[in-house]
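For the numbers below, each heavy atom of this structure counts, side chains included, while hydrogens, waters and symmetry mates do not.
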Amino acid sequence: MGFDEEWARLRAGAVQRATERTVGTAFPQAAADPAAVARDAMLKRLADFRSRAVLVPLDERGGLWTAELGGLDWLCAFSGKKTLARFAEARGETEREWPYRRIVGARLLDEVIPALDFPCGVALDTAGPGGVVFPPVRGLVPNGAALDGEPA
């Protein structure tokens, strides 16, 4: 199984577990509306991501490391060293050094993404069950950097 397939499998399982945990507990008023549960969970994850420092691996030139998936580039960010190590293991690259920078999530979305000369999102903890992606769309990144926003 390739990395992309494994990521999709893990992500689907995480969404299912998150829905099972939240329906009837954290969001009882939304128990009949799975879309509302998913939206509320995503907003909570976004707020958490924006307020925390994450680890972003560096490429061979010292820039922030990106990966292409689904026709879009993604900055890969990790909530800690363990999740970065899990990513290296999933890629079969545990022997190489993974230098990184600590960057606050809000800075990635509000400053780094708009400064790039190509569309790019942020993928957080991609090799684990708690992974989430923040695509370059309005509401997540400034409109000028959003694929569905106004050109800068």
Side-chain angles (χ1 to χ4, degrees), residues 1-22 25-26 37-152:
M1 180 180 299
F3 177 75
D4 295 344
E5 292 85 11
E6 179 69 7
W7 164 245
R9 186 185 67 74
L10 290 172
R11 181 72 187 119
V15 168
Q16 181 178 355
R17 286 188 303 280
T19 301
E20 290 168 356
R21 280 194 309 264
T22 59
T25 57
V37 172
R39 183 190 64 245
D40 291 345
M42 181 62 187
L43 291 174
K44 183 178 179 198
R45 289 291 306 265
L46 176 62
D48 180 59
F49 174 74
R50 290 184 65 78
S51 67
R52 73 174 3 182
V54 294
L55 310 179
V56 180
L58 302 177
D59 64 18
E60 62 278 353
R61 297 179 317 252
L64 300 179
W65 193 79
T66 61
E68 189 274 331
L69 177 63
L72 188 64
D73 287 304
W74 299 89
L75 282 170
C76 294
F78 300 92
S79 57
K81 291 180 181 179
K82 288 181 181 179
T83 55
L84 176 56
R86 188 180 308 134
F87 177 74
E89 184 177 336
R91 292 181 54 84
E93 297 183 36
T94 56
E95 299 302 317
R96 83 171 185 90
E97 182 179 348
W98 285 84
Y100 60 84
R101 286 192 60 187
R102 284 189 195 277
I103 303 173
V104 174
R107 186 166 183 222
L108 275 176
L109 296 173
D110 298 341
E111 297 175 28
V112 174
I113 297 295
L116 299 173
D117 60 358
F118 55 91
C120 190
V122 177
L124 177 65
D125 294 339
T126 57
V132 65
V133 294
F134 301 107
V137 296
R138 288 182 295 164
L140 296 183
V141 299
N143 287 350
L147 293 175
D148 61 343
E150 297 297 319

Working to the nearest 0.5 Å, report the span between CD of Glu97 and CG of Leu58.
10.0 Å
Roughly how far, to the nearest 0.5 Å, is CZ of Phe134 from CZ of Arg45?
6.0 Å
Atom of [X], atom of [Y] and distance for their closest heavy-atom approach:
{"X": "Leu72", "Y": "Cys120", "value": "CD1-N, 4.3 Å"}
{"X": "Pro136", "Y": "Ala145", "value": "CB-O, 3.9 Å"}
{"X": "Pro57", "Y": "Leu55", "value": "CD-O, 3.9 Å"}
{"X": "Ala127", "Y": "Ala90", "value": "CB-CB, 4.0 Å"}
{"X": "Trp74", "Y": "Val122", "value": "CE3-N, 3.5 Å"}
{"X": "Pro142", "Y": "Leu109", "value": "CD-O, 3.3 Å"}

Flag if over 12 foreign heavy atoms under 6.0 Å of CD, Glu111
yes
Got more than 12 heavy atoms from elsewhere within 6.0 Å of CZ, Arg96?
yes
Treating Arg138 as the side-chain partner and Asp148 as the backbone partner, does any N or O pair qualify as donor plus acceptor under 3.5 Å?
yes
Say whether, by atom type as modelled, one donor and one acceptor occur between the side chain of Glu68 and the main chain of Gly71 under 3.5 angstrom.
yes
Do the ring planes of Phe78 and Phe87 sit parallel (below 30°), tilted (30 to 60°) or perpendicular (above 60°)?
tilted
Any side-chain heavy-atom pair from [X] and [Y] closer than 4.5 angstrom?
{"X": "Leu75", "Y": "Ile113", "value": "yes"}
{"X": "Pro135", "Y": "Leu140", "value": "yes"}
{"X": "Trp98", "Y": "Glu93", "value": "yes"}
{"X": "Lys44", "Y": "Asp40", "value": "no"}
{"X": "Asp125", "Y": "Arg86", "value": "no"}
{"X": "Ile103", "Y": "Leu64", "value": "yes"}

Taking side-chain hydrogen bond (donor to acceptor under 3.5 Å, both in side chains) as the definition, give me every residue that meets it alongside Asp110, ordered by chain and number, with sequence neighbours left out.
Arg50
